[in-house]
Amino acid sequence: MWRSAPKSLGYALGSGAARGIAHIGVLKALLAESLEPDVVTGTSMGAVIGAMYAAGRSPDEIERIAAGFDMKSLFSLADMTIRSGALLSGEKVEEFLAKHLPATFEELSIPFGCVSTDLSRGERVVHTSGDLVQAVRASLSIPMVFMPVRDGKRILVDGFLTDPVPVSLARSLGAKVTVAVDVSGAGRLQASDAGGDDGGLLKDLRSALKGEGPRIRGMSGLEVAAATLEVLERQVAQPALAEADLVVSPEVHDFAGYQFLAVDQLVLIGEQAGRAAAARVRRLARR
C-alpha cells in the first residue's frame, strides 16, 4: 500500500516511445543523490517506467529488463492482428506488463498515476486506482500501432494525445514540487539531394535494431509518421512543461521512437541529465 508520509516531490515522466528509456537514467542519477520521489506519474513509456518504479523496482532492475531485449525478444511482442484499426493486438505487451507489475494501483509502494486518451469522447483519462496493467497498456497504446483498450464504452489509446507529461496529475496526487522529464522527439527529418524515400521502412528498422544512436532520419513512411506524432507531442506538452517547477530534458530528442535497442546510450544520456539537474531538484525539494 502507498505510504502515508507527507508527499512533496513528484516526478512526471513524459511520453516518447523508446526515448523514454532515458527515464531510467534520470531516476538512477537522482536516486543516487537521495532525491527519491514521493509521487510518480507517467504517460506512455513514462507510465511503464514510472509504474515499475512505484512497484518497488530499482532503476538498475528496470534497466536490466530493458537491456534484456534483443531483436528476437523485441519481435516477440509484435503480435500482428488481422483486425482492422491497428497493426498489433497488444496482448503480448499486456503479458509483459503483467509479468513485471502488480495487478492493481493499490499494491504500489508510492502514489502513481498515468494518462490515456478516450477516443469515444476525445478526452484525457486519468488512471490512479484499480487495474494497473490495463491502465498502463492503455497509456502506451499508440493509435494505429496497438489496438485500443476497451473499458466499458471508452476506447482508450496513448495519453500523449492529451497529456504527454502529466505534471498536473502529480500535483493532484500530492506533489508540492514537480519535476517534469521531457523525452519528446524533435520531429525533424532530412531529405536527400536525390529525393525519394531515403531507403524506406526496412532500412529504418534495420538501423533501429542495431541499437544505433541518433542518425539522419530520411523520408520513409515510418519516419514521416513518427515525426508527425513528435511535432504533435511537443506542441501538446508545452502547457504542462510550463507548469512544472523544473524540466529535465535529456538529449534524446533526435533518437527515433522505435530505437528500443539503444538502451545503453539512452540510459547514459538520462543519467547525465539527472546529474546535471540534481542540485536544482534538491533546492526545490527543500523549499
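Below, each value reflects all heavy atoms present in this structure, side chains not excepted, and no hydrogens, waters or symmetry copies.
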So the salt bridge (charged side-chain N to carboxylate O under 4.0 Å, His left out) pairs with at least one residue in residues 256-273 (sequence neighbours excluded) are Lys28-Glu271, Glu271-Arg275

d(Leu27 CG, Leu13 CG) to nearest 0.5 Å is 6.0 Å

Scanning both residues in full, the closest heavy-atom pair of Gly20 with Val183 reads CA-CG2, 3.9 Å

Beyond-backbone contact of Asp131 with Asp151, side-chain heavy atoms, under 4.5 angstrom | no

Applying side chain to side chain contact (heavy atoms under 4.5 Å, CB included) to Ser15 and not counting sequence neighbours gives Thr43, Ser44, Phe160, Pro164, Glu233

So does Gln235 get a backbone contact from the side chain of Gln238, meaning a donor-acceptor N/O pair under 3.5 Å? no

Taking every heavy atom of Pro239 against every heavy atom of Val236, the minimum-distance pair comes out as CD-O, 3.2 Å

* **Leu173 and Val40, any side-chain heavy atoms less than 4.5 Å apart** => no

Residues passing the side chain to side chain contact (heavy atoms under 4.5 Å, CB included) test with Thr104, sequence neighbours excluded, are Glu106, Glu107

Under 4.5 Å between any side-chain heavy atoms of Glu63 and Ile65, yes or no? no

*Under 3.5 Å, is there a donor-acceptor pair linking the side chains of Arg154 and Ser120?*
no

message = Would you say that Pro250 contacts Val181 through its side chain, given a criterion of any heavy-atom pair below 4.5 Å between the two side chains?
response = yes

Here the pair of heavy atoms bringing Pro102 nearest to Val133 is O-CG2, 3.9 Å

- Query: What's the verdict on side chain to side chain contact (heavy atoms under 4.5 Å, CB included) for Val157 and Ile142, showing C-alpha distance, side-chain angles and the deciding distance?
  - Reply: CA-CA 6 Å; Val157 297; Ile142 302 171; over 6 Å; no

Minimal heavy-atom distance between Leu140 and Phe146, with the atoms involved, is O-CD1, 3.8 Å

Going through the distances and angles, do Val149 and Ile155 end up as a side chain to side chain contact (heavy atoms under 4.5 Å, CB included)? CA-CA 6 Å; Val149 172; Ile155 304 170; over 6 Å; no

message: I want to check something: taking the side chain as every heavy atom from C-beta on, are Tyr53 and His23 in contact at a cut-off of under 4.5 Å?
response: no

- Query: Does a donor on one side chain sit under 3.5 Å from an acceptor on the other, for Ser116 and Ser139?
  - Reply: no

When every non-hydrogen atom of Ala17 is compared with those of Gly257, the smallest separation belongs to CB-O, 3.1 Å

Checklist entry - Do Ile269 and Val165 belong together in a cluster built from hydrophobic side chains that touch within less than 4.5 Å? => result no

Nearest heavy-atom approach of Asp254 to Ala186 is OD1-CB, 3.4 Å

* Asked: Are Leu119 and Leu156 connected, step by step, through hydrophobic side chains (Ile, Leu, Val, Met, Phe, Trp, Tyr) whose heavy atoms are closer than 4.5 Å?
  -> no

Item to complete: May I ask whether Val281 and Val247 are part of the same hydrophobic cluster, defined by side-chain heavy atoms of I, L, V, M, F, W, Y residues being less than 4.5 angstrom apart, directly or through others?
Response: no

Report task. Check whether Phe96 and Leu108 end up in the same hydrophobic cluster, where Ile, Leu, Val, Met, Phe, Trp and Tyr are linked by side-chain heavy atoms less than 4.5 Å apart. Result -> yes

Review point. So Ile110 and Val39, side chain to side chain contact (heavy atoms under 4.5 Å, CB included) or not? Walk me through it.
Key: CA-CA 6 Å; Ile110 62 173; Val39 173; over 6 Å; no

The reported gap from CZ in Arg64 to OG in Ser58 (rounded to nearest 0.5 angstrom) is 6.0 Å

Query raised in the report: Considering only heavy atoms from C-beta outward, does the side chain of Thr117 approach that of Glu123 to under 4.5 Å?
Result: no

Criterion side chain to side chain contact (heavy atoms under 4.5 Å, CB included) on His127 and Val125, from CA distance to verdict
CA-CA 7 Å; His127 305 270; Val125 176; 3.6 Å; yes

With Asp245 as partner, the option from Arg280, Arg171, Lys176 fulfilling salt bridge (charged side-chain N to carboxylate O under 4.0 Å, His left out) is Arg171

Hits for side-chain hydrogen bond (donor to acceptor under 3.5 Å, both in side chains) against Arg57, two or more places apart or cross-chain, chain-then-number order -> none

Across all chains, not counting sequence neighbours, the side chain to side chain contact (heavy atoms under 4.5 Å, CB included) partners of Glu243 are Val167, Ser168

dist Arg234:CZ -> Leu229:CG (nearest 0.5 Å) comes out at 14.0 Å

dist Ser129:OG -> Phe112:CZ (nearest 0.5 Å) comes out at 12.5 Å

- Taking 4.0 angstrom as the limit, do Glu230 and Arg19 come out as a salt bridge? yes

Rounded to the nearest 0.5 angstrom, the CG-OH distance for Leu31 and Tyr11 is 6.5 Å

- Contact check, side chains of Asp158 and Pro143, non-hydrogen atoms, under 4.5 Å: yes

Fill in: Within-4.5 Å side-chain heavy-atom neighbours: Leu241 and Asp182
yes

Here the gap from Leu284 atom CG to Arg282 atom CZ, rounded to the nearest 0.5 Å, amounts to 11.5 Å

Residue pairs meeting salt bridge (charged side-chain N to carboxylate O under 4.0 Å, His left out), one or both in residues 136-146, sequence neighbours left out, come to Glu94-Arg137

**Prompt:** Are Phe105 and Val136 co-members of a hydrophobic cluster defined by side-chain heavy atoms under 4.5 Å apart?
**Reply:** yes

